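Since the model is a prediction, treat every value here as computed from it, not as a measurement. For reference, positions follow the sequence shown, starting with 1.
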Amino acid sequence: MPRLADKTAIITGGAGAIGTETARLFLEQGARVALVDLNEDDLKAAADKLKGAGEVVTIAADVTEEDAVRNYVATARDKLGRIDIFINNAGIEGDAGPIAEQNIDNFDKVIAVNLRGSFLGVKHVMAAMLDQGEGGSIVNLSSVAGLTGSPNLSPYIISKHGVVGLTRAAAIEGAANRIRVNSVHPAPVDSRMMRSIESGMDSENAEKVREAYAKAIPMQRYANPEEVAQVILFLASDEAAYVTGAQYTVDGGMTAG
């Protein structure tokens, strides 16, 4: 029996590396999937990669706008029949730089996508799950940056710490109605986002930045998207029926010390 047989899932940031790989695993395990992302062309490219794997719905939406969030939840529910799983994955890295030099517009943009967008998603998906009355699983994507500190990415770090607070509060509120809420905290993932961060740290020596990041991880390498998606799959499945309010690191030992 597939682990997500007859389940339906919304995945925000669905056109990104983790979102697309999570969708692939979910489809393999019997789920129907709604991919949400800002750019329609990116969504089409992601859907093309998943062609033939199962039922995929794409919805273009700005996760920072409440009407857009309300609409993607309603559209997914209308097209898929219900919402059993929500992967709250949309996020941006923002511009690198020390706190004393941070641009407030950059700060506001990162907080809007990573924290406001995550909150709005939980708000409207929880309302739908409560209305359905059959529980569900919400997985919020944070980062090792949501558990530790590091220089030059303060807006991102602040936003990802906020996701932990959101997860804990929502887990307590949802527990009585069998709505589980957990967060996943990857180390650097081999993806477009890390290429951007590496370049932002030192545009002329991005490869050296990459090497330094990898050396800071006990396993001496970045995660690949599937390794993160496998943990998301577990939390989304009934195998994690008694897991809520937890922070799962997928970090090659990065936060062990």
Taking everything shown except [X] itself, do over 12 heavy atoms lie less than 6.0 Å from its [atom1]?
X: Q220; atom1: CD; answer: yes
X: I99; atom1: CD1; answer: no
X: E239; atom1: CD; answer: yes

(message) For E28, give me all partners under side-chain hydrogen bond (donor to acceptor under 3.5 Å, both in side chains), at least two apart in sequence or on another chain.
(response) none
(message) Show, in sequence, the C-alpha distance, side-chain angles and deciding distance for D41 and K44, and conclude whether the salt bridge (Lys or Arg N to Asp or Glu O under 4.0 Å) test is met.
(response) CA-CA 5 Å; D41 290 338; K44 183 179 183 303; over 6 Å; no
Any non-hydrogen side-chain atom of [X] less than 4.5 Å from a side-chain atom of [Y]?
X: R24; Y: L50; value: yes
X: I179; Y: I138; value: yes
X: K7; Y: D238; value: yes
X: I232; Y: F26; value: yes
X: M201; Y: L153; value: yes
X: D95; Y: N103; value: no
X: P186; Y: L141; value: yes
X: V189; Y: P225; value: yes

(message) Among N89, V69, V73, I59, exactly one meets side chain to side chain contact (heavy atoms under 4.5 Å, CB included) together with V36. Which residue is that?
(response) I59
(message) Tell me which one of V57, L38, T58 satisfies side chain to side chain contact (heavy atoms under 4.5 Å, CB included) with L43.
(response) T58
(message) Give me each pair satisfying salt bridge (Lys or Arg N to Asp or Glu O under 4.0 Å) with a member in residues 99-110, each pair once, sequence neighbours excluded.
(response) none
In terms of hydrophobic clusters joined by side-chain contacts under 4.5 Å, are [X] and [Y] together?
X: I92; Y: L115; value: no
X: I11; Y: V125; value: no
X: I158; Y: M193; value: no
X: I10; Y: I85; value: no
X: Y156; Y: V163; value: no

(message) side-chain contact (heavy atoms from CB on, under 4.5 Å) for I104 and F107? Distances and angles first, verdict last.
(response) CA-CA 5 Å; I104 194 63; F107 177 87; 4.0 Å; yes
If you round to the nearest 0.5 Å, how far is [atom2] of [Y] from [atom1] of [X]?
X: S154; Y: H161; atom1: OG; atom2: NE2; answer: 12.0 Å
X: M254; Y: H185; atom1: CE; atom2: NE2; answer: 13.5 Å
X: D67; Y: H124; atom1: CG; atom2: NE2; answer: 8.0 Å
X: S199; Y: E207; atom1: OG; atom2: CD; answer: 12.0 Å

(message) Is it the case that the side chains of N140 and T167 hold a donor-acceptor pair, with the cut-off being a distance below 3.5 Å and no angle test?
(response) yes
(request) Decide whether D202 and N205 meet the rule of one side-chain donor and one side-chain acceptor closer than 3.5 Å. (result) yes
(request) Not counting sequence neighbours, which residues clear salt bridge (charged side-chain N to carboxylate O under 4.0 Å, His left out) with R221? List them please. (result) E227
(request) Go through the structure and list residues passing salt bridge (charged side-chain N to carboxylate O under 4.0 Å, His left out) with E198, not counting sequence neighbours. (result) R195, R210
(message) Using the side chain to side chain contact (heavy atoms under 4.5 Å, CB included) criterion, which residues pair with T255? Sequence neighbours excluded.
(response) V144, T148, T249, D251
(message) Suppose we screen for side chain to side chain contact (heavy atoms under 4.5 Å, CB included). Which residues come up paired with R82, at least two apart in sequence or across chains?
(response) T8, D84, Q132, E134
(message) Let's go through R3 and F234 carefully: what are the C-alpha distance in whole Å and the side-chain angles of both, what is the deciding distance for side-chain contact (heavy atoms from CB on, under 4.5 Å) to 0.1 Å, and is it a yes or a no?
(response) CA-CA 9 Å; R3 296 163 75 184; F234 164 70; 4.2 Å; yes
(request) Show your reasoning for whether side-chain contact (heavy atoms from CB on, under 4.5 Å) applies to V181 and E173. (result) CA-CA 9 Å; V181 188; E173 290 191 18; over 6 Å; no
(request) Verify, without hydrogens or angle tests, whether S142 (side chain) and K160 (backbone) share a donor-acceptor contact under 3.5 angstrom. (result) yes
(message) Using only atom types and a distance under 3.5 Å, with no angle test, would you say the side chain of N114 pairs donor to acceptor with the backbone of S159?
(response) no
(request) Show your working on salt bridge (Lys or Arg N to Asp or Glu O under 4.0 Å) between R192 and E93 and close with a plain yes or no. (result) CA-CA 10 Å; R192 179 217 60 81; E93 65 276 12; 3.1 Å; yes
(message) If you apply the rule side-chain contact (heavy atoms from CB on, under 4.5 Å), what do you find for I18 with V184, and how did you get there?
(response) CA-CA 11 Å; I18 292 174; V184 171; over 6 Å; no
